[in-house]
Amino acid sequence: MPDPNNPDPSSDSFFERVWAVVAEIPPGRVTTYGDIAAYLGRRGAARTVGWALNEAVGTDLPCHRVVNRYGALTGRRHFETPHVMEERLRSEGVTFADEGHVDLEQHRWVPEDEL
DNA sequence: ATCTTGACCTCTA
DNA sequence: CTAGAGGCCAAGA
């Protein structure tokens with residue numbers, strides 16, 4: 001709540017929007033930073049998405065469902081405990097094409113049904 | 001106030 | 001195919 005008097009929800013910080021989108025990611029699905037950024041209107045703002053998730057570490061946000069363009073599990077959470085993300089995704093039914101690479105062809109999800 | 005860094009992506013050569 | 005450069009938003013020094 002950057003500004004409670006702000007009547008325009010679109011004026012919310014990029015972070016909050018990213019969190020909202022990530023929070024709406026259905027289980028067993030994965031999305032990419034670029035898709036989220038593009039969905040929010042910023043094509044090259046994928047970095048900011050990562051920052052948002054960086055601040056989201058320790059929250060209820062399923063950051064493990066967000067992967068990069070190659071389907072590689074990146075992130076601070078993965079850097080500290082790589083097994084958590086992989087196990088979590090596998091537990092949700094996500095298949096891995098390779099070691100540390102999610103099968104985007106089968107589980108790729110983009111924010112469009114939520115609106 | 002500026003400069004650098006950071007879970008990235010896309011374009012062009 | 002690979003390599004390089006640009007861009008985006010935010011936080012920290």
Side-chain angles (χ1 to χ4, degrees):
Chain A
M1 54 320 187
D3 199 327
N5 263 354
N6 201 334
D8 186 11
S10 289
S11 225
D12 272 1
S13 297
F14 213 81
F15 280 36
E16 307 233 347
R17 284 206 233 174
V18 173
W19 296 335
V21 174
V22 176
E24 290 302 310
I25 300 176
R29 301 279 185 170
V30 289
T31 188
T32 65
Y33 302 93
D35 285 344
I36 297 174
Y39 170 70
L40 295 178
R42 273 80 208 185
R43 182 175 75 181
R47 278 181 159 181
T48 318
V49 177
W51 267 118
L53 295 177
N54 183 25
E55 292 292 314
V57 172
T59 64
D60 298 342
L61 264 145
C63 44
H64 56 272
R65 288 179 196 156
V66 184
V67 296
N68 62 358
R69 199 69 188 159
Y70 303 97
L73 278 61
T74 45
R76 209 171 194 177
R77 202 72 214 174
H78 177 44
F79 196 77
E80 306 234 344
T81 49
H83 302 280
V84 174
M85 288 183 95
E86 184 175 331
E87 287 292 319
R88 219 158 176 179
L89 288 170
R90 287 182 183 276
S91 186
E92 291 182 355
V94 177
T95 57
F96 281 72
D98 285 316
E99 185 73 25
H101 289 79
V102 185
D103 192 346
L104 289 174
E105 293 273 300
Q106 195 169 7
H107 299 288
R108 192 168 197 189
W109 175 88
V110 289
E112 55 183 27
D113 298 326
E114 316 320 306
L115 352 174

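Throughout, a chain's letter reflects where its sequence line sits, starting with A, and its residues are numbered from 1. The basis for the numbers below is simple: all heavy atoms, side chains too, and nothing from hydrogens, waters or symmetry mates. All values derive from a computational prediction rather than experimental measurement.
Taking atom CZ of residue Arg65(A) and atom C1' of nucleotide dA7(B), one finds them 17 Å apart after rounding to whole Å. Atom-to-atom, CZ of Phe15(A) to P of dA10(C) comes out at 7 Å; the value is rounded to the nearest Å. Atom CH2 of Trp19(A) and atom P of dA10(C) are 11 Å apart (whole Å). Rounded to an integer number of Å, the gap from Phe14(A) CZ to dA11(C) C1' is 16 Å. Rounded to an integer number of Å, the gap from OH of Tyr39(A) to P of dC8(C) is 21 Å. One atom, CD1 of Ile36(A), and another, P of dA7(B), lie 16 Å apart when rounded to the nearest Å. Atom C1' of nucleotide dA10(C) and atom CZ of Arg42(A) are separated by 13 Å, given to the nearest angstrom.
Of the P atoms belonging to dA1(B) and dA10(C), the separation is 15 Å, rounded to the nearest Å. Comparing the P positions of dT10(B) and dC1(C) gives a spacing of 15 Å, expressed to the nearest Å. For dT4(B) and dG6(C), the P atoms lie 15 Å apart once the distance is rounded to whole Å.
Residues from residues 66-96 of chain A that place a heavy atom under 4.0 Å from any atom of DNA chain B, listed by number: Asn68(A), Arg69(A), Thr74(A), Gly75(A).
No side-chain heavy atom of Thr59(A) sits less than 4.5 Å from a side-chain heavy atom of Trp19(A). Taking 4.5 Å as the limit, every side-chain heavy atom of Tyr39(A) sits out of range of all side-chain heavy atoms of Val110(A).
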Exercise for the section: Step by step, work out the side chain to side chain contact (heavy atoms under 4.5 Å, CB included) result for Phe14(A) and Val49(A). Expected result: CA-CA 8 Å; Phe14(A) 213 81; Val49(A) 177; 4.3 Å; yes
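In this structure, the side chain of Thr32(A) engages the main chain of Asp35(A) through a donor-acceptor pair within 3.5 Å. Of the possible donor and acceptor atoms, none in the side chain of His107(A) sits under 3.5 Å from a partner among the backbone N and O of Val94(A). Side-chain atoms of His101(A) come within 3.5 Å of backbone N or O of Glu99(A) as a donor-acceptor pair.
Here the nucleotide nearest the side chain of Ala45(A), chosen from dA7(B), dC8(B), dC8(C), is dC8(C). In the set dA7(B), dC8(B), dC9(C), dA7(B) carries the atom at the smallest distance from any side-chain atom of Asn54(A). Side-chain proximity of Thr48(A) to dA7(B), dA10(C), dC8(B): nearest is dA10(C). With distances taken from any side-chain atom of Leu53(A) to the nucleotides dC8(C), dA7(B), dC9(B), the minimum falls on dA7(B).
Toward the 5′ end of DNA chain B lies the nearest nucleotide of Tyr33(A), the other residue of the pair Arg43(A) and Tyr33(A) mapping further downstream.
Side-chain atoms of Glu92(A) and His64(A) include a donor-acceptor pair closer than 3.5 Å.
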